[in-house]
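One structure below.
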Amino acid sequence: MLVELAMIETRELTRRFGGVDAVEGLTMSVRDRGVVGFLGPNGAGKTTTMRMLTGFLAPTSGSARVAGFDVTDQPLEVKARVGYLPETPPLYPDLTVGEFLLFVAELRGVGRSIRAARVGRTLEQVGLRGWEKRRLGGLSKGYRQRVGLAQALVHDPALLVLDEPTSGLDPAQVVGVRELIRGLAEERTVVLSTHVLAEVEASCERVLLLHRGRLVGDGTVDELAERTGTGGRVELSLDDETEDLRGPLAALPEVDQVERTGPSSYRLRGGTSLEPALAAWAVGTGRRVRCVVRRPASLEAVFLALVGEGT
């Protein structure tokens, strides 16, 4: 029987600076391809964790493995399988795009016979085909980010780690980089570290939420919303109804919470059977329903529930 190795596996991973634990007892596992959002407020420990996973920073205690290799005992094996884009791309402004990527490919151990082909394929992947002779110092920030992605990708890693990849980009550039990341995730695991909620909602299938160095949430947005009691809400509007119906609505088994938002409107929380239950209640009581609208689970509500408004 084959056992699937986790792409990332940490056990009680801790990094201490002086007397402060930037990351404390972090235990998590990432197995699948796709985009995983590493979310948290500033100072949550995201970048410190990324640096430990990519071999730039040694753990104080605990362990971390990438593609089955220990980051402390087998750092070269780990680095061969990881592509890392820090928040500020490590570029040489006097080099051209092509020169820089050939240099990085050589550093990454890409064989001379396939180096040019690998750089060409990478340029195609990140949308920079034809930009080989452009000098890095003359590129816009959006295109510098693409070159940063290319340097992380040129050795074809199984794991791509991106730290704030859309920081400082304009809206059009953000959309382009998001689409690029989703395409790259079809062939590998992508960990996207950010504190921007919209970035996670737009790009990630799974969320890992850190707060003060600890993992406080792990799952899809819907799963986390269910656990925190912040799941999707249903807006109910009745026709010409002024009676306060919070009591009767709260008595329905499918309703977890009800709030009156107007003379004849309510906001309710419940499971997926809430809408049919409201329809049956309206028919049974002779109420005339104007509309029933389900609002999707909100990552912002999840974030505030797990981290707090004062963060």
Side-chain angles (χ1 to χ4, degrees), residues 3-32 35-92 103-110 148-165 167 184 188-195 204 206-218 307 311:
V3 178
E4 181 187 3
L5 285 176
M7 182 55 63
I8 300 173
E9 193 91 45
T10 71
R11 290 286 180 269
E12 296 297 323
L13 186 66
T14 298
R15 174 66 196 197
R16 187 172 297 110
F17 294 99
V20 178
D21 286 339
V23 176
E24 183 179 358
L26 178 62
T27 297
M28 65 178 185
S29 179
V30 176
R31 294 181 178 274
D32 301 325
V35 186
V36 177
F38 211 44
L39 178 65
N42 290 323
K46 305 184 302 297
T47 297
T48 299
T49 302
M50 297 298 97
R51 288 176 176 169
M52 286 190 285
L53 291 175
T54 53
F56 284 82
L57 194 62
T60 301
S61 62
S63 66
R65 301 181 74 84
V66 172
F69 298 98
D70 189 278
V71 298
T72 301
D73 298 335
Q74 300 163 294
L76 295 181
E77 295 287 357
V78 170
K79 290 177 181 179
R81 290 160 177 80
V82 175
Y84 179 41
L85 173 63
E87 186 171 355
T88 301
L91 308 181
Y92 294 98
F103 170 65
V104 173
E106 182 179 359
L107 289 179
R108 284 293 198 171
V110 178
L149 278 170
Q151 66 79 30
L153 191 64
V154 71
H155 59 299
D156 197 23
L159 172 64
L160 197 57
V161 178
L162 311 177
D163 194 355
E164 303 287 357
S167 176
L184 294 174
R188 57 185 51 80
T189 303
V190 177
V191 174
L192 189 159
S193 174
T194 184
H195 66 278
C204 304
R206 176 183 172 192
V207 178
L208 298 168
L209 178 56
L210 257 66
H211 183 45
R212 295 176 181 172
R214 290 182 171 273
L215 185 66
V216 296
D218 180 1
V307 171
T311 300

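Because only heavy atoms are used, hydrogens play no part in the values below, and waters and symmetry mates are left out as well, while side chains stay in.
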Does a side-chain N-to-carboxylate-O contact under 4.0 Å join Lys46 and Asp163?
no
Has [X] got a side-chain atom pairing as donor or acceptor with [Y]'s backbone, closer than 3.5 angstrom?
X      : Y      : value
Arg212 : Asp21  : no
Arg81  : Val66  : no
Glu106 : Phe103 : no

How many angstroms lie between [atom1] in [X] and [atom2] in [Y], if you round to the nearest 0.5 Å?
X      : Y      : atom1 : atom2 : answer
Glu164 : Thr88  : CD    : OG1   : 10.5 Å
Arg188 : Asp156 : CZ    : CG    : 5.0 Å
Leu160 : Thr189 : CG    : OG1   : 9.5 Å

Hydrogens and angles aside, do Thr14 and Glu24 bring a side-chain donor and acceptor to less than 3.5 Å of each other?
no
[Y] side chain reached by [X] side chain, heavy atoms, under 4.5 Å:
X      : Y      : value
Val191 : Leu208 : no
Thr47  : Glu87  : no
Ile8   : Val36  : no
Asp70  : Glu77  : no

Non-hydrogen atoms of [X] and [Y] that approach each other most closely:
X      : Y      : result
Met7   : Ala158 : CE-CB, 3.7 Å
Leu53  : Ala64  : CD2-CB, 4.0 Å
Arg206 : Val30  : NH1-CA, 3.7 Å
Pro165 : Leu192 : CG-CG, 4.0 Å
Ser193 : Met50  : CB-CG, 4.0 Å
Leu26  : Val23  : CB-CG1, 3.8 Å

Residue set satisfying ring pair (Phe, Tyr, Trp, His ring centres under 6.0 Å) with Tyr84, at least two apart, ordered chain then number -> Phe56
Dump the intermediate steps for side-chain contact (heavy atoms from CB on, under 4.5 Å) on Met52 and Val71, then the final yes or no.
CA-CA 8 Å; Met52 286 190 285; Val71 298; 5.8 Å; no
Pairs involving residues 48-68, ordered by first then second residue, that meet side chain to side chain donor-acceptor pair (under 3.5 Å) (sequence neighbours left out):
none
Mind running side-chain contact (heavy atoms from CB on, under 4.5 Å) on Leu149 and Leu162 for me, showing each step along the way?
CA-CA 8 Å; Leu149 278 170; Leu162 311 177; 3.5 Å; yes
Could you go step by step and tell me if Val207 and Asp218 meet the side-chain contact (heavy atoms from CB on, under 4.5 Å) rule?
CA-CA 6 Å; Val207 178; Asp218 180 1; over 6 Å; no
